[in-house]
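So you know, we letter chains A, B, ... as the sequences are listed, proteins then strands, and number each from 1.
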Protein chains: 2
Amino acid sequence: MSGKKAPWRSGCPINAALEIFGDRWSLLIIRDLMFRGRRTYREFLASEEGIATNILASRLKSLKASGIITTRPDPVDGRKQIYALTKKGLDLAPILVGFMEWASRYEKTSMPLTLLRRMKEEAGKLVEDVERQ
Amino acid sequence: MSGKKAPWRSGCPINAALEIFGDRWSLLIIRDLMFRGRRTYREFLASEEGIATNILASRLKSLKASGIITTRPDPVDGRKQIYALTKKGLDLAPILVGFMEWASRYEKTSMPLTLLRRMKEEAGKLVEDVERQ
DNA sequence: CAGGATCCGTTTCGATACTG
DNA sequence: CAGTATCGAAACGGATCCTG
C-alpha cells in the first residue's frame, strides 16, 4: 500500500498494481479526481464514502510517491494544495471504467447506464487531452 | 471484503467492485484461476505470493458468496475441491488485463510483453467460450 | 494427505480528537 | 482548513489442529 516493503516477487505485473490499489480508498480518490473534478483535501473528504482524515492523508502521500498524482499550491489560497492526476494516473481510466461496467452489470447500483456511457466517453477524452500536450 | 457490512452508499458502481476487490488477495486468486490454470486450494497456496491458509480460505469463501467462483468436488479424488470462475468472474478478464498493461507500462516487472499479449488474447477467448455455452 | 478452522502475536486500518 | 496523534478494531502471517 505504502509501497515500502514488498516481500512479494514482482514477476506478475498485477502485483505492482495491487501494491497501489490493494485497498479500499486509492481508487476512490482517483475516481474523484478523474470524474468528479475534486482537487483539494477538503473536496475528497466530502465524498459520500466518508474517508477518515488520516487515511486520506496517507493515501494521498502514497499516490504521490507512486507518481500517480501531483500537488501544487493553490495560487489563490496558499494554504490549499491542488491535487491532479499525472499521465500515469490518467491511464488508469480504462480500468476504472471497466470496474464500473462490470459492477453495473452484476451488482445493483444506482448509477444509470447513460451516465456510465458519458463517463466512458469522457475518460477517453481526458487521456487524449493529456497525450496531446 | 466479505461483503457483509457496507455502511457506504452504493451510488457509484466502483463501490460495489471495491467491496469485493479492495484487498490484496482476491484479484490474485482470480488471476491464478484465469491465466494459470490453478483450481485447487493446494495450487493456490503454491503461488509465489505466499498467501496464508486462513486468508486463502476466507477469500475463497467470500468470492464464492459473491458469485465469482464455484466449487465442485474432484471426480477423481473426492477430497479435493475444484474451483472455477463463473461468467461473472470471467467478465473480470478485461480489468485484469488492463491492470497488467498499465503496470507493465509504468512499473518494472519481469513479464515480457509478448506474454502479456498472449494473455490478452486468451482472456478474450475464455470469455467467448463461456458465452457460447 | 487435501481442505480448512482456530488460536495468537504483530501489523495495519480507521474514527475521533487534536494541532499549526 | 490541512494534516497529525491516539488508540481500539480489524486484518494478516504462521503454526497448529481438526475432519474426511
d(CG, A/D74; C1', D/dG3) in whole Å: 17 Å
What is the distance, to the nearest angstrom, from the CD atom on B/E43 to the P atom on C/dG3? 8 Å
OP1 or OP2 of C/dA2 less than 4.0 angstrom from a side-chain nitrogen or oxygen of B/R42, does that happen here? yes
Side-chain donor-acceptor contact under 3.5 Å, B/Q81 with B/D74: no
Separation of atom CG in B/L56 from atom C1' in C/dA2, rounded to whole Å: 12 Å
Rounded interatomic separation in angstrom, taking CD1 from A/I55 and C1' from D/dT6: 13 Å
Whole angstrom is fine here: how far is it from CD1 in B/I51 over to P in D/dG14? 11 Å
In terms of ring plane angle, is the pair A/F99 and B/F99 parallel, tilted or perpendicular, where the classes change at 30° and 60°? perpendicular
Take the protein atom NZ of A/K61 and the nucleotide atom P of D/dG3, then report the distance between them rounded to whole Å. 10 Å
Give one of base, sugar-phosphate or nothing for B/A57, where a contact means two heavy atoms less than 4.0 Å apart. sugar-phosphate
Classify the side chain of B/N54 and the base of D/dG14 as holding, or not holding, a donor-acceptor pair under 3.5 Å. yes
Do other residues, nucleotides or ligands put more than 12 heavy atoms under 6.0 Å from B/K88 NZ? yes
Tell whether B/T53 reaches the base of C/dA5 with its side chain through a donor-acceptor pair below 3.5 angstrom. yes
How many whole angstroms separate atom CZ of B/R39 from atom C1' of C/dA2? 17 Å
Working for side-chain contact (heavy atoms from CB on, under 4.5 Å), residues A/K64 and A/R59: CA-CA 8 Å; A/K64 188 176 175 181; A/R59 291 307 181 278; over 6 Å; no
Just N and O in the side chain of A/Y83: are any of them under 4.0 Å from OP1 or OP2 of D/dA2? no
Scan B/I68, B/L27, B/L92, B/I30 and name whichever one has a side-chain contact (heavy atoms from CB on, under 4.5 Å) with B/I20. B/I68
Taking only side-chain N and O atoms of B/W25, does any of them lie within less than 4.0 angstrom of OP1 or OP2 on D/dG13? yes
Counting the atoms with a prime plus P, OP1 and OP2 as sugar-phosphate, which does A/D77 contact under 4.0 Å by heavy atoms, base, sugar-phosphate, or nothing? nothing
Does B/R24 have a side-chain nitrogen or oxygen under 4.0 Å from the phosphate oxygens OP1 or OP2 of D/dC12? no
Could you tell me how far apart B/R59 (CZ) and C/dG3 (C1') are, to the nearest whole angstrom? 17 Å
Hey, which of these two, A/T40 or B/A52, hits DNA chain D nearer its 5' end, going by closest nucleotide? A/T40
Whether B/R79 contacts C/dG4 is assessed here as follows: a side-chain N or O lying under 4.0 Å from the phosphate OP1 or OP2. Is that the case? no
